[in-house]
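Whatever order the structure lists them in is the order used to number ligands and atoms, beginning at 1. Everything numeric in this text was worked out from a predicted model, so none of it was measured.
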Amino acid sequence: MIYTQPQLPYPTDALAPAISKETVDFHYGKHEKAYIDNLNRLIQGSEFEDMELEEVIRHAKGPLFNNASQAWNHIFYFFSFSPDGGGEPEGELGDAIRAQFGSFEKFKEEFVAAGVGIFGSGWVWLSRDNDGRLFITTTSNAGNPLTDGLTPILTFDVWEHAYYLDYQNRRKDALEALWSIIDWDVVESRY
Ligand code: MN
């Protein structure tokens, strides 16, 4: 199977000022493209060649895992955004967030604090288990909650390449800005 990079559902300048055109062009256009190119190169002739990408992530190790997971993580991340995003989640996900975290504001604080607390490169995640219970977790480097049996719902990328052009060392500001572009319709559909 050859994996292709899906075209973003918005122009690359559409997320500014939360994420600049320059960052989207580098991050999705170059970093993410490289992960997909490496995935396609590494998977050829391997036992994983005909697996769905999620299954590759669950079972592969080393460079193939790293590139498969990074390929998946970035598509998941960039497809969570919309220039018309922001606001609060409604429906069952909104109810579950308020029930578990006390309020949407408290959830946002806890999620950003977890992302700020990652040492080095990684991702902060909201995931659910099979009973619909929510978890905020972090992974380093290419990690993905799929390998822990969880279903990802939302993620913020905290690798410096995700924010350094726009925010330099201000990771907290970079993460907080993302709330204004979250497409909750997409995110709710994952719950
Ligand atoms: Mn990234």
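- Here the Mn ion (ligand 1) is the vertex; the NE2 atom in His27 and the NE2 atom in His74 give an angle of 90° (to 10°).
- Looking at Asp157 and the Mn ion (ligand 1) together, the shortest N, O or S contact belongs to OD2.
- In this structure, His74 has its ring center closer than 6.0 angstrom to the ring center of Trp123.
- Aromatic rings from Tyr191 and Trp184 are positioned such that their centres are separated by 6.0 Å or more.
- Distances from the Mn ion (ligand 1) show that His31 has no N/O/S atom below 2.8 Å.
- Ring centroids of Phe156 and Phe111 are separated by less than 6.0 Å, placing the two rings close together.
- Tested against Asp183, the residues Val186, Val187, Ile181 include a single side-chain contact (heavy atoms from CB on, under 4.5 Å) partner, Val186.
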